[in-house]
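Throughout, a chain's letter reflects where its sequence line sits, starting with A, and its residues are numbered from 1. From a predicted model like this one, the values you see are computed outputs, not experimental measurements.
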2 protein chains.
Amino acid sequence: MAITIKDLAKLANVSKGTVSRVINGSSGVGAETRQRILKLIKDLDYQPNISARGLAAKRSYNIGMIIPHTGNYSLSSSYWSALLTAVNEQVMARGYNLLFSTARAQDDVASSYRTILKRRCADGLIIGADQFGEEHLAELLTMDFPFVTVGKTPNNSVYYVDVDNRGGARQMTEYLLDQGHRKIALLTGPLEYPYVQERIQGFSQVMMAAGLSPHQIFHCPYQIQAAKEKTKDLLKLFPETTAIFAACSELVWGVIKAAQEMKIKIPDDLSLVSFDDHPLFEVFSPEITAVSQRINEVGRTAAERLFELVEGAVPAQKGIVLSTEIIVRRSCANRCKSSHPH
Amino acid sequence: MAITIKDLAKLANVSKGTVSRVINGSSGVGAETRQRILKLIKDLDYQPNISARGLAAKRSYNIGMIIPHTGNYSLSSSYWSALLTAVNEQVMARGYNLLFSTARAQDDVASSYRTILKRRCADGLIIGADQFGEEHLAELLTMDFPFVTVGKTPNNSVYYVDVDNRGGARQMTEYLLDQGHRKIALLTGPLEYPYVQERIQGFSQVMMAAGLSPHQIFHCPYQIQAAKEKTKDLLKLFPETTAIFAACSELVWGVIKAAQEMKIKIPDDLSLVSFDDHPLFEVFSPEITAVSQRINEVGRTAAERLFELVEGAVPAQKGIVLSTEIIVRRSCANRCKSSHPH
DNA sequence: CTGAAAGCGCTTACAG
DNA sequence: CTGAAAGCGCTTACAG
C-alpha cells in the first residue's frame with residue numbers, strides 16, 4: 001500500500017542501501033544519484049516507516065516528556081503547558097515526535113519511564129525535577145539513558161536546565177526595596193524543593209544586605225486554600241507587612257483570595273509580587289508584577305541539551321541556568337516617602 | 001542487552017511464536033505453558049520492543065493528539081490541558097502512548113497528521129474540530145484512518161464527541177431568567193464555529209419562549225482585549241443590560257476587565273456567567289457561575305470511541321453528545337423583585 | 001561510490 | 001496446542 005524504500009530503489013535503479021543513505025543524509029553517495037533519489041522522494045511524498053527505522057537503527061525518534069499531575073494542577077498550571085509547547089516545537093523541528101505522559105506520583109513517574117525505556121519508546125526524556133526521587137535519578141543514570149531535568153536536582157550528575165532562582169528572587173526583592181518596602185513577607189512552597197531554598201536565599205541575601213530581617217518566611221503547599229490560610233496567618237502575625245512576595249504563581253491566587261476576604265486592597269493596603277508569571281496576571285486588577293521564568297527559553301534549551309545527549313555528546317557543564325526577568329505591573333505600590341512624580 | 005522474545009523462548013523451551021501469543025493474549029496456548037511464560041515475563045520484567053512490534057503488526061501503539069496553538073492560548077486554555085490529560089489516561093491504560101503535537105494553523109494540522117499517518121507514528125488521532133478545514137476532514141476520511149474530533153464538524157461522516165452546546169446554553173439562560181434577568185446579552189465567539197451557533201440557538205430559544213428579545217448577541221475573537229472592548233461597546237449600546245452570558249471562558253476575562261475599568265461591580269451592577277468552566281473561576285471575586293463542559297468526560301469518551309475505531313468497529317452513531325452541568329457560584333445576582341430570603 | 005546481505009525483534013499465516 | 005518460517009521496512013557493516 002504505502003510506498004517503501006524498496007519501491008524507491010527499484011524506481012531509481014539503485015539498491016535499498018543507497019536510498020537509505022540519502023534519506024539519512026549519510027555520506028558516500030554520488031551527487032547525481034542523490035539528486036535523483038531526492039527528487040523521487042519529494043515527488044512521491046515518501047516518508048520512512050518509523051517502526052522499521054526504529055527497529056533497524058535502535059532508535060524510536062521520540063522524545064518522552066513526563067509531567068506531574070497532582071490534583072487540579074499539572075498541565076493547567078500554565079508553567080507545564082508552556083514548557084510542553086516549547087519542547088514540542090524543538091522536537092518536531094528535528095523530525096522527532098513528542099511522547100507525552102503524566103504521572104500522579106513519584107512511583108508513577110518511575111513506572112512511566114521504565115516502560116518507556118524498556119520498550120524503547122523514546123530516545124531521551126525531559127522530566128520535571130521535583131517529582132523525581134533520588135533513587136529514580138540514580139536508576140536512570142545507571143541505565144545511561146539521555147535525559148535532562150527541568151530544574152536542578154540534588155544529584156549533581158544529572159543534566160538540567162534551570163532558572164536563576166536565587167538571582168530572580170534577588171531582583172524582585174531589590175525592586176521591593178526600591179519601592180520603599182521594608183516589611184516584606186516571603187510566601188513560598190515546601191522547603192524540600194531546592195528551588196524554594198534558592199529563592200529564600202536570594203530574598204535573604206538582599207534583605208540582610210539592606211540591614212533588614214529576612215525572617216518573615218512562610219511555607220505552604222501549592223494549594224489555593226492553603227495559601228489563603230497562610231496569608232491570613234501571616235498578616236495576623238505581622239500586621240505591619242507592606243508587601244508579600246509569593247514565590248510561586250499558584251500561591252498568588254491564595255493571597256488574592258485572602259486579601260479579598262479580609263477587605264485588604266492590593267496594592268493600596270498591601271503590595272503583592274510573584275515569582276513565576278502567569279497569563280492571567282494581566283487580567284487581575286491590579287495586574288500582578290512578577291518574575292518571569294521565560295519558560296519558552298527553558299523548554300527550548302532543555303530540548304537542545306537533550307538532543308546533544310541523544311547524539312552522544314558529553315557536555316562539560318551539567319547545568320544550564322537561565323536568567324529571569326521582572327515584569328513590572330501594578331500590584332506593587334511605591335512606599336517611598338520622598339517619591340515625587342516627574 | 002535488553003531481553004527479547006527469543007530469550008524468553010529459549011528459557012521457556014518454546015518457540016518465539018508461542019511467547020508472542022501469550023504476550024498478546026492470543027488463544028491457542030496451553031494453560032500450563034501460558035502460566036510458565038507469564039511468570040517468566042514478570043520475573044524478568046520483559047517489555048516488548050515497540051518498534052519491532054509495530055513493524056510486524058503494522059501498528060504503532062500510539063495515539064496522536066493535535067492541539068491548536070494560536071497566540072497565547074492553546075494548552076494554557078485549561079480546556080485543552082484537561083482534555084490532553086484525560087485522553088492520556090485512557091491511552092496509557094490501554095498500553096498505548098500519546099503522541100503530542102501542536103499546530104499553529106490549519107495547514108500545520110494538515111502537515112502534522114500527514115507525516116504522522118505516512119510514517120505510521122500513530123494508529124488513531126484525536127483532534128479539535130475547530131482547526132480542521134473541510135478538505136482535511138475529507139482527506140482523512142478517504143485515507144480511512146481512525147480519528148475522532150472533539151466537537152462536531154460540518155462533515156457528517158466524521159466521528160465526534162461533543163458537549164450539548166444548545167442544551168447548556170438553554171440551561172444557563174433559564175437560570176438567568178429564574179434569577180430575574182430580562183435584559184441579557186450573549187457575548188460569543190466567531191459565528192463560523194458550529195458550537196457558537198448552537199449556543200446562540202439555545203440562548204435564543206429560551207429567550208423567545210419567554211417572550212424576550214434574543215437580539216443582544218455580540219461576537220468577538222477569543223482575545224482578552226477584544227472581549228474587553230466588545231463588552232464596553234455592548235454596555236454603551238444597551239446600558240440596561242443586567243447580565244452578560246459569556247459563551248466561552250476566555251471571553252470572561254475580557255468582561256471582567258471591562259467591568260473593572262468601567263467601575264461596574266459584579267454581580268451588584270452586572271451579572272456575569274460563562275459557558276465553559278475554568279479553575280480560576282473560583283479565585284475571582286465573585287466566583288464565576290459557569291456551564292461546565294465536563295472536559296474529563298469528553299476526553300475519556302473521545303479516547304474510548306477512538307479505540308473502538310482502531311479496533312475496527314463501525315459505530316452506528318457518528319456523534320456522542322454529553323450533557324453539561326451548571327456550576328452555580330456567586331457572579332449572578334438575583335433580580336427577582338419578589339425574592340425574599342427564607 | 002554502490003550493492004548484497006544480514007539483522008533489528010516482533011507477528012502471523014501455515015502446517016502438523 | 002505448538003513450531004518453523006517468512007516477512008514487516010528499514011540500517012549498516014562489509015566487500016568491492
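- Relative to the side chain of I5(B), the nucleotides dG3(C), dT11(C), dT11(D) differ in distance, and dT11(C) lies closest.
- R120(B) and N62(B) share no donor-acceptor pair across their side chains, judged by distance under 3.5 Å alone.
- At a cut-off of 3.5 Å, with distance as the only test, no side-chain donor of N97(A) or R119(B) sits close to an acceptor on the other residue.
- Considering only side-chain N and O atoms, T4(B) lies nowhere under 4.0 angstrom from the phosphate OP1 or OP2 of dG9(C).
- Two residues are said to be in side-chain contact when any heavy atoms from C-beta on lie closer than 4.5 Å; I23(A) and I37(A) fail this criterion.
- To the nearest angstrom, P of dG7(C) lies 23 Å from CZ of R59(A).
- Using a 4.0 Å heavy-atom cutoff across all strands shown, G17(B) reaches at least one base atom of the nucleic acid.
- Between V29(B) and L55(B), the one whose closest nucleotide on DNA chain D sits nearer the 5' end is V29(B).
- E304(B) is listed as a side-chain neighbour of R94(B), based on a closest heavy-atom distance under 4.5 Å.
- Between dT2(D) and T33(B), a contact under 4.0 Å exists linking OP1 or OP2 to a side-chain N or O.
- Remark: P of dG9(D) and NZ of K118(B) are 14 Å apart, rounded to the nearest angstrom.
- At whole-Å resolution of the value, CZ in R21(A) and C1' in dG9(D) are 16 Å apart.
- The nucleotide whose nearest atom lies closest to any side-chain atom of K16(A) is, among dG3(C), dT11(C), dC10(D), dC10(D).
- Closest to the side chain of V14(A), out of dT11(C), dG3(C), dG9(D), is dG3(C).
- Closest to the R53(A) side chain, of the nucleotides dG9(D), dT11(D), dT12(C), is dT11(D).
- Distances were taken from every side-chain heavy atom of K58(B) (C-beta onward) to each of dC8(D), dT2(D), dG7(C); the shortest belongs to dC8(D).
- Here the P atom of nucleotide dG3(C) and the CG atom of L8(A) are 14 Å apart, to the nearest Å.
- Put simply, CD1 on I41(B) is 13 Å from C1' on dC10(C), counting in whole angstrom units.
- Two rings, from Y96(A) and F307(A), have their centers less than 6.0 Å apart.
- In this structure, N13(B) reaches the sugar-phosphate backbone alone: every heavy-atom distance under 4.0 Å involves primed, P, OP1 or OP2 atoms, never a base.
- With a 3.5 Å ceiling on both atom-pair distances, the Watson-Crick or G-U wobble partner of dG3(D) is dC14(C).
- Closest to the side chain of A56(B), out of dT12(D), dG9(C), dG3(D), is dG9(C).
- Separating the CD1 atom of I50(A) from the C1' atom of dC8(D) is a distance of 15 Å, rounded to the nearest angstrom.
- Paired with E297(A) under the rule side-chain hydrogen bond (donor to acceptor under 3.5 Å, both in side chains), one option of Q293(A), R294(A), R300(A) passes, and it is R300(A).
- In this structure, the CZ atom of R120(B) is 8 Å from the P atom of dG9(D), given to the nearest Å.
- Rounded to whole Å, atom C1' of dG9(D) lies 14 Å from atom CG of N49(B).
- At the phosphate of dC10(D), OP1 or OP2 sits under 4.0 Å from a side-chain N or O atom of Y46(A).
- Distances shown here put every side-chain N or O of T18(B) at or beyond 4.0 Å from the OP1 or OP2 atom of dT2(D).
- A close approach under 4.0 Å does occur between a side-chain nitrogen or oxygen of N24(B) and OP1 or OP2 of dT11(C).
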